[in-house]
Each structure stands twice: as structure tokens, then as C-alpha cells.
Amino acid sequence: RRDDIVLIEYPFDPNQIFVKRCVATGGDIVGARLKILSVNGTPVPAPATAKFASPDTISASQGQRDFFGPKTVPPGSFFVLGDNRDFSYDSRLWGSVPEKHLIGKAVIILWSSAPDARFSGIFGPYRKGRSFAKIR
């Protein structure tokens, strides 16, 4: 469903698993202008966990990061975006994801590593407030 965090097989290499946010499903019309996502013509606010690290806006002629669509999501597919919106490899670049690539819905963050983290565990540095957290 829309707004679910999902695990998917990367469409061009099923050995890679990506974690992304489902923003549109089959039949929806999705697009963005000036970094503002719209689904079926309605602006969709970015989730609280989303971040836009670049203050710059890339024009449609330079890429699909900040301007794309409108595109209709095919039946049996969904459109995903990463929450790190300015630096995410997602459906803006490789299109809608067929359901056959869906692994499942993410429900918990088991481990969140950070190279600059102050805390360390058996698997290395981790972000204490984020590891082992439920995904809402």
C-alpha cells in the first residue's frame, strides 16, 4: 500500500535488495514538480523521515530527481522512492516495480550503522536510537 516501507529485489539485479517507500500503486498517476510529489494530481507531503540534502533543484532536462512524470503505474506494479530523496536510486530512474520483485513490508530496523556513531556493537558502530526500532 501507499506509504509502506518495502523490501524489493532491484529490478536489474535480483541479488540486490533495496528498502524503499511505496508512493503509488497500479493505476495511480505519479509525478513531481520542484521536488513535490503528487499522486493522482494531489500533492503528497514528504514523510517526516524524508530528507532533501541538496538545496538545489535539478531541471527536468538534467534528470528526473526533482521533476518527473506524470507517469501511470502499470497494474500489478508500484512506484517507490527512497526517503533520502536527493540521493536515492529509485523508481524515478528505473520505473515502476513489478509485484514479482516485492519481498515484503519492512516492520523493524534491525541494525542502523553509521561510521561516525559513538556507540559500537558486535557488528560495528550503530545509531543507538535507530537500531531495533519499529517502522511505522
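Not a single donor-acceptor pair under 3.5 Å links the side chain of R92 to the backbone N or O of Y89. Looking only at distances, no side-chain donor or acceptor of D13 sits under 3.5 Å from a matching main-chain atom of Y10. Under the 3.5 Å distance criterion, the side-chain polar atoms of S38 are left unmatched by any main-chain donor or acceptor of T42.
Between I5 and V19, the closest side-chain pair of non-hydrogen atoms falls below 4.5 Å. In this structure, the side chains of V44 and V23 stay at 4.5 Å or more apart for every pair of heavy atoms. In this structure the side chain of I8 reaches within 4.5 angstrom of the side chain of V80, judged on heavy atoms. In this structure, F78 and L102 have side chains that are in contact, with non-hydrogen atoms separated by less than 4.5 Å. Two residues are said to be in side-chain contact when any heavy atoms from C-beta on lie closer than 4.5 Å; P70 and R33 meet this criterion. Residues K105 and C22 form no side-chain contact, since every pair of their non-hydrogen atoms from C-beta on lies 4.5 Å or further apart.
I103 meets the side-chain contact (heavy atoms from CB on, under 4.5 Å) test with L7, E9, I17; sequence neighbours excluded. The salt bridge (charged side-chain N to carboxylate O under 4.0 Å, His left out) test applied to R2 returns D28, not counting sequence neighbours.
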### Task
Evaluate ring-ring contact (aromatic ring centres under 6.0 Å, His included) for F68 paired with F79, printing each intermediate quantity in order.
CA-CA 12 Å; F68 68 88; F79 199 91; 5.4 Å; yes
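Using a 4.0 Å cut-off between charged nitrogen and carboxylate oxygen, D83 and R21 count as a salt-bridge pair.
Grouping the Ile, Leu, Val, Met, Phe, Trp and Tyr side chains by contacts below 4.5 angstrom, directly or via other members, places V97 with F12.
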